[in-house]
2 protein chains.
Amino acid sequence: MKKARVKAVPARTRGKRGPRPRNSVTLKMVAREAGVSASTASRIINRTVNVSEELRLAVEAAIAKFGFRPNAAARGLALGKTETIGVISQAMASPFYGEGLRGIESRLLRGGYAPLFMSGNWQEKEEVRCMEELITRGVDGIIMFTGCMNDVALKAYARKVPIVVTGRTLRARRLVSMQVDDQYGAMLAMRHLLDLGHRRIAFVTGFENHPDANERLVGYRNALAAAGIPYDPRLVVAGDFHEEGGMQAVYQLMDSNIGFTAMFCVNDETAYGAGLALFRKGMRVPEDISVVGFDDLPASTYRVPPLTSVRQSVQQLGECAAEAMLQLLAGRRPLIVLPPVELVVRESTGRAAG
Amino acid sequence: MKKARVKAVPARTRGKRGPRPRNSVTLKMVAREAGVSASTASRIINRTVNVSEELRLAVEAAIAKFGFRPNAAARGLALGKTETIGVISQAMASPFYGEGLRGIESRLLRGGYAPLFMSGNWQEKEEVRCMEELITRGVDGIIMFTGCMNDVALKAYARKVPIVVTGRTLRARRLVSMQVDDQYGAMLAMRHLLDLGHRRIAFVTGFENHPDANERLVGYRNALAAAGIPYDPRLVVAGDFHEEGGMQAVYQLMDSNIGFTAMFCVNDETAYGAGLALFRKGMRVPEDISVVGFDDLPASTYRVPPLTSVRQSVQQLGECAAEAMLQLLAGRRPLIVLPPVELVVRESTGRAAG
DNA sequence: CCGGCTTTTGCAACCGGTTTCAGGAATGCT
DNA sequence: AGCATTCCTGAAACCGGTTGCAAAAGCCGG
């Protein structure tokens, strides 16, 4: 019969495999060296069942001799998982994300997983591209370290792959969200300024409708209300979460001649820009104007003057996200407590002038 | 015969596959939907041979209908490559590396590859771990964005996988190295300070024996020599490439009462620290002391005052490294020209005081 | 010394693609 | 029309692991 013939003379058993420069050591080679079958070798490596001591030693010796490392692609294919977690953040280069990524990496590695980072650059379309790419690559889960993709789309993806997302609150199966307490942080900052006697406090916000910015704005307003100070919308100006936005905000505030003695910035980078603009305008920090940031980036310690800021350890946030992902993958419902936000008082704030 | 029986009733054709929640669309499903064989579908997807228009359309329709995306692990296994480049850097969180990683990512993605980042944290042992991990994962190449692993070990790895390394000069097969012109950059910085009339210029270096630091020191000495100023070793103090080192260096310089009117720092982060320490000591920048950095990190534009620095676009360096890797993989001997270093004069430098 | 029970081990199927090989259809040439 | 080419397509081998099943081996009491 046809089949029999084919079986008898396998078509390509001896044929050279064209453009495939395989140079690596395979499990079969190890097994042959140790005088066992590939299955046994595999079982020894993964400790799936008991194997006689004798064979175990033989296989281990062979592994050491060849420096064998199992091929991840083959393993992934057979197991249906890759021990890899996709991480989507917005911008690698930013100190904020860098910190978080570092936290994610360290926790993930300890858990035996490797992170695969991709940047969305604040564009929903790019985030979708990243998602697709990561899913294609068969990652076991995806951590979205804040993103602008809408909730519905994100939930849809959660049906294909476990997801941990920071910076928003959202409930779904196989999806964990975690958000720092922005309102409370903003209130801490404001209370500090109010305690120092400031009454005219500006707030430099971020992009329109960015959830973090909005939450912090709510905290700002609540703090004012609690102190019995009326809310003046002219003191709230838009920024872009970066230095440039902070600078423009200061220029705008000064040009419109609205008096203020302190500024609360939506994040540290904005505060850096504000600091420079104030310097250009000849204002001293904190003698003339006090400045408070949010995030407490490592660089803030070394600003001139060192910046007072609301600390949310971004690195810890990253670690928590990774931890949540590990628990999710282990089939547990993650129970994560975020590190509390706290105010770090440095030298950019002082008593209100006059 | 035994074999015949097994063939007739395949052992596990109907058995459920235990812990394998496969949910993805496979090539076979697409092929069946389109009424062709898997081989044909594969050929259409990869454009490996001509296929009749009719079938092509049918397959494309099926792909669209199911939202099929080929499984990367299977592809990697069959092809012997993963379209993934491992990237080893030292610290994700650092602004310097963040910039470079961003450059690498953007170039790699345009070339159809994805980066797999891992951090070595300045420890040779960790770098080795990263290397092994990346090789296990079957990356097609590795970019080492500066590292402390010794040349010999690196060359050895180059025999297993193509490597691009920055921050050192090294020749080997399947290995490309690229290094910015540190000496020249340092000379630019020094010439600027000398032109402003400075004669007592301190140099804050990095870790002992770090090649970048040494090269920049050479530039420093050459510039002094060219200006006919004797080299005073007391003006050279060690740092750590970070803010803390810059601060300590200033304290050390001031405490030892060596007069100086300008400082050249081995990198921007060091300069930031120096700036803060000078501020604490009541010295004004640039009125009392001029400060120059190296790298021109984005944050330097927004320091108070904005920092004069030697620009080496780290992002472009990253892009170049990625470009070199792509060429290496394409089988070409990469010919890469690094962007030139240049001095960016801002407000941290001024004429030498009295 | 033998049957029943518990390991230990190997065979071969399988993961989801790619690619070789060969068969069949279509086309070219004499 | 007849035979050699060329083109298109599908069957099956293969990449390098994991694993269900069953045969083989080891252990036991009777």
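Lettering follows sequence order; numbering is per chain, from 1. Hydrogens, waters and symmetry mates are skipped; everything else that's a heavy atom, side chains included, is used.
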Okay, side chain of Thr146(B), backbone of Gly167(B): is any donor-acceptor separation there less than 3.5 Å? no
Is a donor on one side and an acceptor on the other found under 3.5 Å between the side chain of Glu127(A) and the backbone of Ile88(A)? no
Quick check on [N]: is either OP1 or OP2 less than 4.0 Å from any side-chain nitrogen or oxygen of [X]?
X	N	result
Thr48(A)	dT18(D)	no
Thr26(B)	dG16(C)	no
Asn46(B)	dT18(C)	yes
Asn50(A)	dT8(C)	yes
Thr40(B)	dG10(D)	yes

Calculate the interatomic distance between [X] atom [atom1] and [N] atom [atom2]; express it in whole Å.
X	N	atom1	atom2	value
Arg137(A)	dG16(C)	CZ	C1'	16 Å
Lys28(A)	dG16(D)	NZ	P	8 Å
Glu53(A)	dT9(C)	CD	P	11 Å
Arg56(A)	dT9(C)	CZ	P	12 Å
Leu77(B)	dT19(C)	CG	P	12 Å
Leu27(B)	dT19(C)	CG	P	12 Å
Lys81(B)	dC14(D)	NZ	C1'	17 Å
Ile44(A)	dT19(D)	CD1	C1'	15 Å

With a 3.5 Å cut-off and just heavy-atom distances, do the side chain of Ser39(A) and the base of dC11(C) make a donor-acceptor pair? yes
Return yes if the base of dT20(C) and the side-chain atoms of Arg43(B) contain a donor-acceptor N/O pair under 3.5 Å, otherwise no. yes
Is Glu132(A) paired with Arg129(A) through a side-chain N to carboxylate O contact shorter than 4.0 Å? no
Ion pair present between Glu99(A) and Arg102(A), side-chain N to carboxylate O less than 4.0 angstrom? no
Are Leu329(A) and Ile85(A) packed together at the side-chain level, in the sense that at least one heavy-atom pair is separated by less than 4.5 angstrom? yes
On DNA chain C, check which nucleotide each of Arg75(B) and Ala74(A) is closest to and give me the residue with the more 5' one. Ala74(A)
With the side chain of Asn71(B) defined as its heavy atoms from C-beta on, choose the nearest nucleotide among dT8(C), dG16(C), dG10(D). dG16(C)
